[in-house]
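See below for the structure under consideration.
We use all heavy atoms of the structure for the numbers below, so side chains are in, but hydrogens, waters and symmetry mates are not. We name chains A, B, ... by the order of the sequence lines, and we start the count at 1 in each one. Computed from a predicted model, the values in this text were never measured in an experiment.
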Protein chains: 2
Amino acid sequence: MATTKKRSECPISCSLDVWGDKWSLLIIRDLMILKQCTYGDFLKSDEKIATNILAARLLMLEENGIISKSNHPDSKAKVLYKLTLKGIDLLPLMIEINLWADKYSILPADRKSILEEIKKDKEGFIKNAKSELKKVI
Amino acid sequence: MATTKKRSECPISCSLDVWGDKWSLLIIRDLMILKQCTYGDFLKSDEKIATNILAARLLMLEENGIISKSNHPDSKAKVLYKLTLKGIDLLPLMIEINLWADKYSILPADRKSILEEIKKDKEGFIKNAKSELKKVI
DNA sequence: ATTTGTACTTGCAAAACGCAAGCAAATTTA
DNA sequence: TAAATTTGCTTGCGTTTTGCAAGTACAAAT
């Protein structure tokens, strides 16, 4: 897979060139929630991504420095995917998506309770969540 | 165009179902910068969206309550597209994308200067920009 | 030694994309 | 006032991407 050509110099456009498809942010979401995922973990998510699409997205996200692969401590057959610093820095963006969705649609109860926590102290939540994610890098 | 089926109840996934493709956020970007756009204005953007894709996205964004169409004051041949409140509320997200891009890539000079302003007072910038956008609704 | 688990790859049909051309109504120009 | 241009799309069609199912290679468990 060659490097995708960028459509313009616009930061929004360039960002979308990296993670602006239907699946990448869901992969990143899983990593933000679970901290570390195996290939199989991603497949378990509700959206049911196809295995070939998952493989392609993981490769592209890795090529773009958003995620990294590492050995699973328990087994040589497993692979651990994690967010890089660059990936972790997408957390504020992810939170804004949640806040927007919260304003215009009905969220599942578990998400709703986290959102309430975020709304009380957004900066504090981000700082804490980022530091949790950095622990496993 | 029928209503797109949602892949899960996840707020991230549902949001992506609405604007999570390669073009929608660029259309929204144009509207945030220009406040109001004609069909032709969108076509002028650097990324060179195809006319059929543009028409499809505008319809889908309108169906999802992100943008609205109105008559152009100068001409019956022209159409004015604007952001709705729901669309305007994507501004914080758009800003976070810019901040992320600023951190990990080189921005064009004009964007860079706005970003510096945003970094000084993010909340103030958002409040002001939102109110500017609401003026033309 | 055989079965199961894990991380992918491959084949193929269906859908989406992207380019070019076409079109109807409004507007401008001659 | 007739012709040309602008504007906002639509249509056809070849190319690319997606998505489902099946297959494969290696590790691990039985």
### Message
With a 4.0 Å cut-off on N to O distance, would you call Asp17(B) and Lys5(B) a salt bridge?
### Response
no
### Query
Does Asp21(A) come within less than 4.0 Å of Lys22(B), counting only side-chain N to carboxylate O?
no
Using whole Å, report how far [atom1] of [X] lies from [atom2] of [N].
{"X": "Phe42(A)", "N": "dT6(C)", "atom1": "CZ", "atom2": "C1'", "value": "14 Å"}
{"X": "His72(B)", "N": "dT28(C)", "atom1": "NE2", "atom2": "C1'", "value": "16 Å"}
{"X": "Ile49(A)", "N": "dT17(D)", "atom1": "CD1", "atom2": "C1'", "value": "13 Å"}
{"X": "Leu59(A)", "N": "dT10(C)", "atom1": "CG", "atom2": "C1'", "value": "16 Å"}
{"X": "Arg7(B)", "N": "dG19(D)", "atom1": "CZ", "atom2": "C1'", "value": "12 Å"}
{"X": "Lys5(B)", "N": "dA15(C)", "atom1": "NZ", "atom2": "P", "value": "10 Å"}
{"X": "Lys48(B)", "N": "dG18(C)", "atom1": "NZ", "atom2": "P", "value": "15 Å"}
{"X": "Met60(B)", "N": "dA15(C)", "atom1": "CE", "atom2": "P", "value": "16 Å"}

### Summary
Contacts of Ser75(A) and Trp23(A) projected onto DNA chain D by closest heavy atom; the upstream (5') one is Trp23(A)
### Query
Closer to the 5' end of DNA chain D via nearest nucleotide, is it Leu80(B) or Asp21(A)?
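The residue mapped nearer the 5' terminus is Leu80(B).
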Let's see if you can work this out: which of [options] has an atom nearest to the side-chain heavy atoms of [X]?
{"X": "Ala77(B)", "options": "dA7(C), dG19(D), dA26(C)", "result": "dA26(C)"}
{"X": "Val79(B)", "options": "dC9(D), dA7(C), dT18(D)", "result": "dC9(D)"}
{"X": "Ile53(A)", "options": "dC17(C), dA28(D), dG19(D)", "result": "dG19(D)"}
{"X": "Tyr39(B)", "options": "dC9(D), dT10(C), dT18(D)", "result": "dC9(D)"}
{"X": "Lys76(A)", "options": "dT9(C), dA27(D), dG8(D)", "result": "dA27(D)"}
{"X": "Lys78(A)", "options": "dC19(C), dT6(C), dC8(C)", "result": "dT6(C)"}

### Message
Looking only at side-chain N and O atoms, does Thr38(A) offer a donor or acceptor that is under 3.5 Å from a partner on Asp41(A)?
### Response
yes
### Query
Can any side-chain N or O of Asp102(B) pair as donor or acceptor with the backbone N or O of Asn98(B) at less than 3.5 Å?
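Checked: no pair found.
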Does [X] make a side-chain N or O approach to OP1 or OP2 of [N] shorter than 4.0 Å?
{"X": "Tyr81(A)", "N": "dT6(C)", "value": "no"}
{"X": "Lys69(A)", "N": "dC8(C)", "value": "yes"}
{"X": "Arg57(B)", "N": "dG18(C)", "value": "no"}

### Task
Given salt bridge (charged side-chain N to carboxylate O under 4.0 Å, His left out), test Lys103(A) with Asp89(B) step by step and report yes or no.
CA-CA 9 Å; Lys103(A) 194 161 179 180; Asp89(B) 276 326; 3.1 Å; yes
### Query
Looking at dT10(D), does its base get a donor-acceptor pair with the side chain of Thr51(B) below 3.5 Å?
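Yes.
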